[in-house]
There are 2 protein chains.
Amino acid sequence: MAPYDPSTFPPFAVTVDLVVLTVRRHALCALVVRRGETPFQGRWALPGGFVRTDEDLGAAAARELAEETGLCAHDPTTPAAGNGAHLEQLATYGDPGRDPRMRVVSVAHLALAPDLPAPRAGGDANSARWAPVEDLLRPEEGGFGGEGEPSASLAFDHARILGDGVERARSKIEYSSLATAFCPPEFTVGELRRVYEAVWGVVLDPRNFHRKVTGTPGFLVPSGGTTTRQGGRPAQLFRAGSATVLNPPMLRPEV
Amino acid sequence: MAPYDPSTFPPFAVTVDLVVLTVRRHALCALVVRRGETPFQGRWALPGGFVRTDEDLGAAAARELAEETGLCAHDPTTPAAGNGAHLEQLATYGDPGRDPRMRVVSVAHLALAPDLPAPRAGGDANSARWAPVEDLLRPEEGGFGGEGEPSASLAFDHARILGDGVERARSKIEYSSLATAFCPPEFTVGELRRVYEAVWGVVLDPRNFHRKVTGTPGFLVPSGGTTTRQGGRPAQLFRAGSATVLNPPMLRPEV
DNA sequence: GCAAAAGTGTTTGGACTACACCCATGC
DNA sequence: GCATGGGTGTAGTCCAAACACTTTTGC
């Protein structure tokens with residue numbers, strides 16, 4: 001390590017930004033908040049904030065997640081912080097020009113949550129919402145239009161961060177049981193399949209999917225109950241099992 | 001994002017730490033440097049240093065890598081910075097107590113390099129060396145003994161960072177062509193197999209391995225030459241192909 | 001000739017795909 | 001009855017593990 005002189009180290013601001021994903025109405029959606037200040041005033045951005053002086057990075061992300069969604073994060077690296085959404089570190093973004101005001105290094109985190117009623121950023125439904133990632137990442141339009149919403153792309157480099165988070169989620173549900181983080185505590189095989197279909201943007205064979213997930217040891221455990229909330233024949237209810245890594249993995253169909 | 005006041009943001013020092021891996025004499029090795037200052041004076045640590053004020057994180061990592069090894073990094077995110085070692089961001093470590101002097105957030109990077117002659121940190125062979133990761137991560141001893149070397153574990157939280165980097169490398173050579181980053185520009189199938197064996201710590205069937213890698217399109221391209229440097233029948237020489245992701249992946253034998 | 005490493009062929013079993021088909025509910 | 005989704009059975013196919021075997025060098 002280079003010689004150290006505490007009086008001359010270059011000071012940085014360190015923030016956490018959150019990619020919070022959920023599945024709503026068959027679409028992968030991300031939580032975005034409307035910026036109230038310059039720069040990018042009025043534009044949509046990922047939720048985030050400064051890391052506090054005596055706070056770990058994961059703790060800062062969990063705090064921001066709770067403030068924005070009310071979710072209690074279950075960070076695997078700090079076990080049993082409560083049950084709730086999955087939270088993991090994604091990547092760190094520190095381009096010198098990414099924030100015009102100053103040098104900001106942002107440690108992005110990825111959170112996966114079941115379908116929640118509605119964001120509650122101060123109770124103001126106009127300042128936070130779920131938006132389909134397909135709309136947020138559309139190259140031309142960038143943001144989502146309609147309802148007089150700003151349709152420009154996300155503030156700062158948040159489109160890139162969101163893209164990285166979505167890609168992480170898409171690959172991680174292949175070889176881990178993380179797709180259950182998008183489901184409520186009890187769910188059916190069909191509901192889990194619709195999560196895979198929404199995240200991957202594909203259509204899966206219900207028969208083979210059922211055989212696959214129920215045949216992977218530790219992935220799902222039957223809870224005993226059944227439900228008919230999807231219509232048709234009653235479906236068995238399951239909880240997430242103890243397995244975290246799927247072997248063999250789920251296979252994402254070729255593009 | 002929380003209200004912003006430039007005069008009150010908590011200042012952090014931001015560093016990059018490097019996990020530089022190579023394969024030497026059938027063992028996965030990491031580059032470590034001896035600390036000259038407190039804290040952890042005389043202990044081994046990962047190479048690293050402060051990020052400069054107008055420097056991107058990847059650029060800082062590439063600069064440190066060049067300073068320590070002379071390697072020109074090929075960072076996929078900033079294309080064509082030159083040819084040489086593979087370099088990618090690993091994870092960020094910001095526990096408030098990880099450096100007793102001050103609040104330091106370290107953006108760790110992972111570099112994969114072919115077997116190099118010897119570290120040249122100021123030409124002092126005693127201040128930088130390759131050490132088998134098995135020794136560095138041994139829970140009891142921590143460091144590596146012998147030759148009057150300090151045998152305590154790595155400084156700071158560098159054992160954890162090294163462990164994360166090794167785990168990343170082990171999983172990434174499964175589904176990407178990154179294992180070729182451990183090889184010289186021209187190499188044989190047997191040399192590539194010994195890379196997999198060293199990184200995974202397993203023994204692979206030479207026949208099936210040969211069929212697998214030569215049958216994966218874009219993984220290897222024959223360079224035309226042959227070599228007998230391994231003894232036995234002359235082996236075809238290959239270069240890394242254009243494929244970056246392996247489909248189907250290499251299969252790591254069960255533990 | 002013998003050891004050593006490279007490379008090919010063959011058998012076998014597991015797993016995925018693509019279906020056909022039956023089951024249990026709401027209406 | 002009929003639509004809807006849940007769940008099982010089965011044949012074909014692909015792929016990797018396991019192992020026998022041939023090839024080409026150095027000594």
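Chain A is the first sequence line, chain B the second, and so forth, proteins listed ahead of strands; every chain is numbered from 1.
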Within the 6.0 Å centroid threshold, strictly below: A:Phe238 and A:Phe187
no

Please confirm whether the backbone N or O of A:Arg160 pairs with a side-chain atom of A:Asp157, one donor and one acceptor, at under 3.5 Å?
no

B:Arg193 CZ - D:dA17 P separation (whole Å)
14 Å

Distance-only donor-acceptor check, side chains A:Tyr93 and A:Asp164, under 3.5 Å:
yes

With sugar-phosphate taken as primed atoms, P, OP1 and OP2 and all else as base, the protein-contact string of nucleotides 19-27 of chain D at under 4.0 Å (heavy atoms; B, S, -) is BBB-BBB--

Euclidean distance, atom CG of residue A:Leu251 to atom C1' of D:dT13 [Å, nearest integer]:
14 Å

Would you say the side chain of B:Leu220 lies within less than 4.5 Å of the side chain of B:Arg239, judging by non-hydrogen atoms?
no

d(CD, B:Gln230; C1', C:dA3) in whole Å:
15 Å

Write down the distance between NE2 (A:His210) and P (C:dC16), rounded to a whole number of angstrom.
16 Å

Please report, to 0.1 Å, the donor-acceptor pairs under 3.5 Å made by any side chain of residues 174-185 of chain B, with sequence neighbours excluded.
| unit_1 | atom_1 | unit_2 | atom_2 | d |
| --- | --- | --- | --- | --- |
| B:Glu174 | OE2 | B:Arg252 | NE | 3.4 |
| B:Glu174 | OE2 | B:Arg252 | NH2 | 3.2 |
| B:Ser176 | OG | B:Lys172 | O | 2.7 |
| B:Ser176 | OG | B:Leu178 | N | 3.2 |
| B:Ser177 | OG | B:Ala243 | O | 2.8 |
| B:Thr180 | OG1 | B:Ser177 | O | 2.8 |

Nearest 0.5 Å, please: how far is CG in B:Leu90 from NE2 in B:His109?
9.0 Å

Quick one, which residues of residues 217-227 of chain A touch DNA chain C with a heavy atom under 4.0 Å?
none

Taken to the nearest whole Å, CD/B:Gln236 to C1'/C:dA5 is 14 Å

Between B:Pro249 and A:Thr214, who's closer to the 5' end of DNA chain D by nearest nucleotide?
A:Thr214

Could you tell me whether A:Pro248 contacts a base, only the sugar-phosphate backbone, or nothing, with contacts defined as non-hydrogen atoms closer than 4.0 Å?
sugar-phosphate

Side chains of B:Val33 and B:Ser127, heavy atoms from C-beta outward: is any pair under 4.5 Å?
no

What is the separation between atom CG on A:Leu246 and atom P on C:dA15, rounded to the nearest whole Å?
14 Å

Separation of B:Arg194 atom CZ from C:dA4 atom P, in whole Å?
14 Å

Is the CZ atom of B:Arg229 crowded by more than 12 outside heavy atoms at less than 6.0 Å?
yes

Just how far, in rounded Å, is P of C:dG14 from NZ of A:Lys212?
15 Å

Compare every heavy atom of B:Arg24 with every heavy atom of B:Thr22, then report the nearest pair and how far apart it is.
CG2-CG, 3.6 Å

